[in-house]
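Since this is a predicted model, take the numbers as computed values, not measurements.
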Amino acid sequence: MNKILKYDFQKRKKYLRNIAKKHKMWIPRHIGYWILVGLAVIIFVSFMILMTMLLCSAENTFEIQRAIICGVPGVTMGGMAYLFSVTTKHSAKYKCALPFSSYANGTFVIENDYVMYTFWKVNEYPIDGQSKKKKHKEEDMFTYKIYKRNIESIDVNDDNICTIKGSGSVNGPLYRINNDFGEVGERIVIKEFSFLTCFDNDRSNEILLNLVDPYRM
């Protein structure tokens, strides 16, 4: 048997947001976002009002130029505050959904005697994990693999997080495997692995749960 569950970008965004909203730091980070948005609006509007008042009272070219110049700091500071707000919001989405937000382009492969999950580790910048156009290098790919005979249990919770327990292994680039999984080497053995079931098949959860042989348990 050979079956491939391919990555679905829209499902990933939906599932990650649902997970992030349950994190204890989601509300504080979201409040910080709206505070910065409000600050950006206040700064921008305040300087625009000041500039308008100066323009209305201007009597010559020099005063008009001075009024316009007074508006530049407002646009600059307001823009910076808004930029910080966007960064804060994106950071909240990423950090409140770890480690799943760091897994991108995950594909699940079912073979006759083993299953395999391939993915790339990404950071919180939009171009990495949040873009359909991001092209990942083959040499940077991670692979989780476990033989069916070693699977002890498979569970999929309400957040569409699949957890496979049993003796499996993760392969990846040497410069990343040490930092991400805490051991030195291109291959490490792990007893449990979790990932999001954000696949293009609507029956993916059922397919994963059926991998466990009921007669072996």
Side-chain angles (χ1 to χ4, degrees), residues 1-23 26 90 92-124 126-138 140-173 176-177 180-181 187-217:
M1 177 178 65
N2 182 290
K3 191 174 188 65
I4 299 177
L5 301 177
K6 296 182 179 179
Y7 165 80
D8 187 298
F9 181 79
Q10 294 302 325
K11 282 186 178 179
R12 179 180 184 271
K13 288 180 63 177
K14 177 183 177 181
Y15 295 170
L16 286 177
R17 182 171 178 81
N18 290 339
I19 293 172
K21 289 170 69 175
K22 295 179 180 180
H23 195 280
W26 173 256
H90 183 75
K93 288 181 178 180
Y94 180 83
K95 292 181 179 179
C96 291
L98 286 171
F100 308 107
S101 54
S102 68
Y103 298 170
N105 293 30
T107 299
F108 197 84
V109 180
I110 303 173
E111 296 288 358
N112 290 327
D113 55 348
Y114 68 88
V115 296
M116 180 172 63
Y117 179 75
T118 61
F119 61 101
W120 280 263
K121 292 281 287 182
V122 296
N123 57 35
E124 62 184 288
I127 192 61
D128 267 356
Q130 306 298 331
S131 174
K132 291 182 179 180
K133 298 180 181 180
K134 172 67 177 181
K135 300 296 182 182
H136 299 282
K137 296 179 181 179
E138 192 71 22
D140 293 333
M141 183 176 71
F142 284 81
T143 301
Y144 167 73
K145 181 179 179 180
I146 184 170
Y147 285 93
K148 291 182 178 179
R149 64 176 181 272
N150 293 333
I151 297 177
E152 297 174 3
S153 66
I154 296 179
D155 177 67
V156 180
N157 66 16
D158 294 337
D159 290 323
N160 294 289
I161 298 173
C162 178
T163 301
I164 300 179
K165 292 183 179 181
S167 183
S169 63
V170 172
N171 290 277
R176 291 294 301 275
I177 200 80
D180 295 326
F181 293 94
R187 177 181 180 276
I188 64 170
V189 176
I190 57 176
K191 296 295 184 180
E192 182 178 315
F193 186 78
S194 298
F195 56 91
L196 286 181
T197 60
C198 47
F199 304 119
D200 59 355
N201 191 321
D202 292 334
R203 295 182 57 249
S204 59
N205 288 359
E206 179 184 346
I207 292 171
L208 291 168
L209 291 172
N210 288 339
L211 287 174
V212 179
D213 184 359
Y215 299 102
R216 185 179 60 83
M217 300 301 291

Exercise. Angle class for the F193/Y117 ring planes (parallel below 30°, perpendicular above 60°, tilted otherwise)?
Worked result: tilted
Problem set entry | Contact check, side chains of E192 and I164, non-hydrogen atoms, under 4.5 Å | no
Exercise. With side chains defined as the heavy atoms from C-beta onward, is the minimum distance between D140 and W120 less than 4.5 Å?
Worked result: yes
Exercise. Between K145 (side chain) and S169 (backbone), is there a donor-acceptor pair under 3.5 Å?
Worked result: no
For this session: Using the salt bridge (Lys or Arg N to Asp or Glu O under 4.0 Å) rule, take K11 and D202 through it: C-alpha gap first, then chi angles, then the decisive distance, then the call.
Result: CA-CA 10 Å; K11 282 186 178 179; D202 292 334; 3.1 Å; yes
Exercise. Heavy-atom distance under 4.5 Å between the side chains of N171 and M141, does that happen here?
Worked result: no
Exercise. For the residue pair C198 and R12, what are the closest heavy atoms and their distance?
Worked result: CB-N, 3.6 Å
Exercise. Do T163 and D155 meet the criterion of a side-chain donor-acceptor pair at a distance under 3.5 Å?
Worked result: no
Problem set entry | NZ (K165) with more than 12 external heavy atoms under 6.0 Å | no
For this session: Anything under 30° is parallel, anything over 60° is perpendicular, the rest tilted; go ahead and classify F195 against F108.
Result: parallel
Exercise. Tell me, do K21 and L16 make a side-chain contact under 4.5 Å, heavy atoms counted?
Worked result: no
Problem set entry | Any donor-acceptor N or O pair under 3.5 Å, side chains D159, N18 | no
Problem set entry | Straight-line distance of I207 CD1 to I110 CD1, nearest 0.5 Å | 6.0 Å
Exercise. Is any side-chain heavy atom of L5 closer than 4.5 Å to a side-chain heavy atom of T107?
Worked result: no
Seminar exercise, completed: Rounded to the nearest 0.5 Å, the CG atom of N160 sits from the CZ atom of F100 at a distance of 11.0 Å
Exercise. NZ/K3 to CG/N201 distance, rounded to the nearest 0.5 angstrom?
Worked result: 5.5 Å
Exercise. At their closest point, which heavy atom of A92 faces which heavy atom of A20, and how far apart are they?
Worked result: O-CB, 4.5 Å
For this session: Check whether any side-chain heavy atom of V115 lies under 4.5 Å from a side-chain heavy atom of V109, and answer yes or no.
Result: no
Problem set entry | Within-4.5 Å side-chain heavy-atom neighbours: K93 and R17 | yes
Seminar exercise, completed: Note: L211 and K148 closest approach over all heavy atoms is CD2-CE, 4.5 Å
Exercise. Out of curiosity, L209 CG to T197 OG1, how far, rounded to the nearest 0.5 Å?
Worked result: 9.0 Å
Exercise. Would you call K191 and S167 a side-chain contact if the rule is heavy atoms closer than 4.5 Å?
Worked result: yes
Problem set entry | Least distance between heavy atoms, I19 atom then A97 atom | CG2-CA, 4.1 Å
For this session: For F142 and V170, work out which heavy atoms get closest and say how close.
Result: CD2-CG1, 4.1 Å
Exercise. Going by atom types alone, do S102 and K121 pair a side-chain donor with an acceptor below 3.5 Å?
Worked result: yes
For this session: Could you tell me whether the side chain of N210 and the main chain of E206 form a donor-acceptor pair under 3.5 Å?
Result: yes
Problem set entry | Criterion ring-ring contact (aromatic ring centres under 6.0 Å, His included) against Y103, the qualifying member of F119, Y15, Y94 | F119
Exercise. Which heavy atom in I154 sits nearest to a heavy atom in C162, and how many Å separate them?
Worked result: CG2-SG, 3.8 Å
